Amino acid sequence: MMKKVLLLTTGGTIAARNGEQGLVPDIKCQDILEMLPEIKGCFEVDSQDILNLDSSNVQPEEWQYIAEIVTENLALYDGIIITHGTDTMAYTASALSYMLQNLDKPVILTGAQIPIEKMFTDAKRNLQAAFAAVNTDIKGVAIAFDDKIINGCRAVKVRTLGFNAFESISAPYVGEVYADGMHV
Ligand code: GLU
């Protein structure tokens, strides 16, 4: 049976388009799903645009808002995927890890170094890893980035340009994508 996933967008580079003053989050969850036809065939996806922020403007109020939406919806889905800017994604992941303890399902944050509509984007691969994580028995809050799944309270952004933007500090990866699929 196809797993049921809720995709929530909050802004960030992944959803950005060129605006007058640089990149601005603008791309909606429906557009993101349109760009992932392989996901549409494998998962039943509902989606919601819940915020539209550069993540440097994400504050504890937003963590609380995201936590509330996850809490209200998690029972209805096999997992929740949240797109988020990379600059504060590790902080949001950490905060959610402590706010939402003992989850029995995955809540996966992801984003991108390059917007999803650009040629060399890493957005699709990162989203694919996030969806793949929902197909495993990974539980709790984690970040999917550069083919790795990192525990939400272990992740740190260590690179601003490299696709391997996040590291897992003093803990192994929760999962990693190989040619034969996700290794947990
Ligand atoms: N400052 C932006 C943000 O964190 C851009 C960085 C990104 O998303 O990669 O939302």
Side-chain angles (χ1 to χ4, degrees), residues 5-36 39 47-70 80-100 106-133 141-169 173-177:
V5 177
L6 177 62
L7 173 69
L8 303 173
T9 67
T10 70
T13 291
I14 188 169
R17 284 192 175 117
N18 293 328
E20 274 171 21
Q21 292 170 328
L23 288 175
V24 280
D26 190 31
I27 301 171
K28 304 287 174 253
C29 52
Q30 279 309 323
D31 305 323
I32 291 176
L33 286 171
E34 287 302 318
M35 285 180 266
L36 295 169
I39 296 297
S47 60
Q48 234 177 290
D49 297 302
I50 60 168
L51 292 168
N52 196 27
L53 293 172
D54 181 306
S55 79
S56 43
N57 295 320
V58 169
Q59 311 221 15
E61 290 73 21
E62 278 78 35
W63 297 341
Q64 201 172 343
Y65 178 58
I66 296 169
E68 278 167 13
I69 294 178
V70 169
I80 296 185
I81 296 174
I82 305 165
T83 62
H84 194 289
T86 59
D87 284 344
T88 68
M89 190 190 301
Y91 301 109
T92 298
S94 215
L96 292 178
S97 298
Y98 289 104
M99 293 167 93
L100 306 168
V107 173
I108 312 287
L109 287 110
T110 194
Q113 295 286 51
I114 301 178
I116 193 161
E117 290 179 346
K118 300 263 186 198
M119 177 155 165
F120 288 116
T121 186
D122 49 336
K124 294 176 192 173
R125 193 140 179 124
N126 291 343
L127 278 159
Q128 286 155 353
F131 276 92
V141 180
I143 287 182
F145 219 92
D146 189 40
D147 289 342
K148 281 131 196 135
I149 310 299
I150 301 173
N151 187 321
C153 61
R154 296 291 189 164
V156 173
K157 184 176 177 184
V158 291
R159 290 178 196 90
T160 50
L161 292 178
F163 292 119
N164 50 350
F166 291 90
E167 263 312 326
S168 182
I169 303 302
Y173 299 126
V174 178
E176 208 167 342
V177 180

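Since the structure is predicted, the reported quantities are computational estimates derived from the model, not experimental observations. Whatever order the structure lists them in is the order used to number ligands and atoms, beginning at 1. The residues of the chain are indexed from 1 along the displayed sequence.
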### Message
So for ligand 1, is Ser55 a polar contact partner (N or O within less than 3.5 Å, distance only)?
### Response
yes

### Query
When you measure from the side chain of Asp31 to the backbone N and O of Lys28, does any donor-acceptor pair fall under 3.5 Å?
yes

### Query
Do Asp49 and Thr9 meet the criterion of a side-chain donor-acceptor pair at a distance under 3.5 Å?
yes

### Task
Report, in ascending order of atom number, the atoms of ligand 1 lying under 4.0 Å from any heavy atom of Ala112.
9 (O)

### Query
What residue and heavy atom of the protein are closest to atom 1 (N) of ligand 1, and at what distance?
Asp87 OD2, 2.6 Å

### Query
Is the shortest N/O to N/O distance between Thr86 and ligand 1 below 3.5 Å?
yes

### Query
With only distance considered, is Thr88 within less than 3.5 Å of ligand 1 through an N or O on each side?
no

### Query
What atoms in ligand 1 come closer than 4.0 Å to a heavy atom of Gly12?
8 (O), 10 (O)

### Message
So does Gly111 get a backbone contact from the side chain of Thr86, meaning a donor-acceptor N/O pair under 3.5 Å?
### Response
no

### Query
Do the side chain of Ser168 and the main chain of Ala155 share a donor and acceptor less than 3.5 angstrom apart?
no

### Query
Counting from 1, what ligand 1 atoms have a heavy atom of Thr13 closer than 4.0 Å?
5 (C), 6 (C), 7 (C), 8 (O), 9 (O)

### Query
Is there a donor-acceptor contact under 3.5 Å linking the side chains of Gln30 and Ser47?
yes

### Task
Mark up the atoms of ligand 1 that fall under 4.0 Å of a heavy atom belonging to Gly85, in ascending order.
3 (C), 4 (O), 8 (O), 10 (O)

### Message
So, regarding His84 and ligand 1 (criterion: nitrogen or oxygen to nitrogen or oxygen, under 3.5 Å), is there a contact or not?
### Response
no

### Message
Which residue and atom name correspond to the protein heavy atom nearest atom 2 (C) of ligand 1, and how close is it?
### Response
Asp54 OD1, 3.2 Å

### Query
Any idea which heavy atoms bring Ile114 and Phe120 closest together, and the distance?
CD1-O, 3.4 Å

### Query
With only distance considered, is Ile14 within less than 3.5 Å of ligand 1 through an N or O on each side?
no

#### Entry: Side-chain (Gln113) to main-chain (Thr160) donor-acceptor, under 3.5 angstrom
yes

### Query
Say you draw a straight line from CD1 of Ile150 to CG of Leu109; how long is it, rounded to the nearest 0.5 Å?
11.5 Å

